[in-house]
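Here the structure is a predicted model, which is why all the values come from computation and not from measurement. Reckoned from all heavy atoms, side chains included, excluding hydrogens, waters and symmetry mates.
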Amino acid sequence: MTAVRQDAWSPDDDLILAEVTLRHIREGSTQLAAFEEVGERIGRTSAACGFRWNSCVRKKYEEAIQIAKQQRQKRNYLKKQTIVATPHVSSLAVYETEERSLGLGRDTVSMEEGLSVDAVIRFLRGWKTTYQDLSRQIKLFEKELKDRDEELYRLRDENERLSREVNNVQHDYRAVNDDYKTLIQIMDRARRLTVLTNEEEAKPRFKMDANGNLERIE
């Protein structure tokens with residue numbers, strides 16, 4: 001498991017936090033994903049990164065945040081344009097043939113072709129970035145799942161150990177309790193024997209003399 005740092009934030013840590021968070025804003029990702037990436041890079045929890053961003057770092061980059069949001073809007077607009085322009089690539093040969101048959105110039109076709117190819121390239125680059133972000137998130141989820149599995153196994157072992165200790169204590173308690181009851185019985189029996197002996201000694205004893213009379217023995 002990755003050690004979680006407890007030391008103070010350095011300027012380099014703040015810079016990494018700002019760069020990654022601004023990139024995620026530009027790419028249309030979430031700040032939570034940004035905090036998880038930063039936490040993995042600098043050895044802190046995502047919650048600590050989020051608290052640091054909102055309490056300290058964010059106010060230093062207000063202008064950069066607005067620019068990143070504008071870039072995200074432009075990026076989304078280009079993606080929408082790509083979706084519209086992509087079918088044009090598959091029908092480009094037919095389109096060029098029709099233009100030639102109508103007698104239009106080559107420059108018009110070249111301009112349309114270049115626009116479509118650029119749109120496709122932008123779309124593919126955006127998809128590549130999205131795929132990389134998804135891959136990073138999947139790795140983070142897999143790591144978190146592995147850590148939780150290890151914690152679950154540890155807790156199970158701890159539970160089994162405590163159960164064995166409880167069973168041993170209960171066994172010892174029953175043994176001590178049985179010994180205590182046996183001791184009480186022995187003490188009670190000894191007490192009764194003592195009382196009977198004293199009572200027998202306290203009773204007067206007699207013997208018969210030669211004349212047939214009873215004589216008390218002291």
Full working for salt bridge (Lys or Arg N to Asp or Glu O under 4.0 Å) between Arg174 and Asp178: CA-CA 6 Å; Arg174 286 193 294 266; Asp178 293 338; over 6 Å; no
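- Considering only heavy atoms from C-beta on, Trp9 comes within 4.5 Å of Cys49 through its side chain.
- Residues Gly28 and Arg72 share a closest heavy-atom pair of CA-CD, 3.5 Å.
- Within a 6.0 Å radius of CZ in Arg161, more than 12 heavy atoms belonging to other residues, nucleotides or ligands are found.
- At least one donor-acceptor pair closer than 3.5 Å links the side chain of Thr129 to the backbone N or O of Arg125.
- Annotation: side chain of Arg44 is not in contact with side chain of Val38 (no heavy-atom distance under 4.5 Å).
- Ile65 and Leu32 fall into different hydrophobic clusters, where Ile, Leu, Val, Met, Phe, Trp and Tyr residues are linked whenever their side-chain heavy atoms come under 4.5 Å apart, directly or through other members.
- A side-chain donor-acceptor contact under 3.5 Å links Asn167 to the backbone of Ser163.
- A salt bridge between Lys146 and Glu151 is absent, with no side-chain N of the basic residue lying under 4.0 Å from a carboxylate O of the acidic one.
- Taken from CZ in Arg189 to CD1 in Ile184, the straight-line distance is 12.0 Å, to the nearest 0.5 Å.
- The hydrophobic clustering, which links ILVMFWY residues whose side-chain heavy atoms are closer than 4.5 Å, places Ile25 and Leu78 apart.
- If you take OG1 on Thr30 and CG on Asp133, they are separated by 9.5 Å, rounding to the nearest 0.5 Å.
- Between Val20 and Arg41 the shortest heavy-atom distance is CG2-NH1, 3.3 Å.
- For the pair Glu144 and Arg148, the salt-bridge criterion is met [side-chain N within less than 4.0 Å of a carboxylate O].
- Atom NZ of Lys69 is separated from atom CD of Gln73 by 9.0 Å, given to the nearest 0.5 angstrom.
- Between atom CG of residue Asn54 and atom CD of residue Gln31 there is a gap of 6.5 Å, rounded to the nearest 0.5 Å.
- The backbone N or O of Tyr173 sits nowhere less than 3.5 Å from a side-chain atom of Asn177 that would complete a donor-acceptor pair.
- With respect to the salt-bridge test (charged N to carboxylate O, under 4.0 angstrom), the residues Asp188 and Arg191 qualify.
- Once rounded to the nearest 0.5 Å, the distance linking OG1 of Thr21 with CD1 of Ile16 reads 11.0 Å.
- Leu22 pairs with exactly one of Glu19, His24, Arg26 by the side chain to side chain contact (heavy atoms under 4.5 Å, CB included) rule, that one being Arg26.
- Side-chain N or O atoms of Asn168 include one that pairs as donor or acceptor with a backbone N or O of Arg164 at under 3.5 Å.
- Residues Arg75 and Gly126 come closest through the heavy atom pair NH2-CA, 3.6 Å.
- Summarising the geometry, atom CZ belonging to Arg136 is positioned 9.5 Å from atom CD belonging to Glu40; distances are rounded to the nearest 0.5 Å.
- More than 12 non-hydrogen atoms from other residues, nucleotides or ligands lie less than 6.0 angstrom from CD of Glu158.
- When side chains are defined from C-beta on, Ser29 counts as touching Gln137, because their heavy atoms get closer than 4.5 Å.
- Among all heavy-atom pairs drawn from Leu17 and Val57, the shortest one is CD2-CG2, 4.0 Å.
- The aromatic rings of Phe35 and Trp53 are tilted relative to each other, their planes meeting at an angle between 30° and 60°.
- Within the 4.5 Å cutoff, the side chain of Arg23 has heavy atoms near those of the Glu37 side chain.
- Using a 4.0 Å cut-off between charged nitrogen and carboxylate oxygen, Asp13 and Arg52 do not count as a salt-bridge pair.
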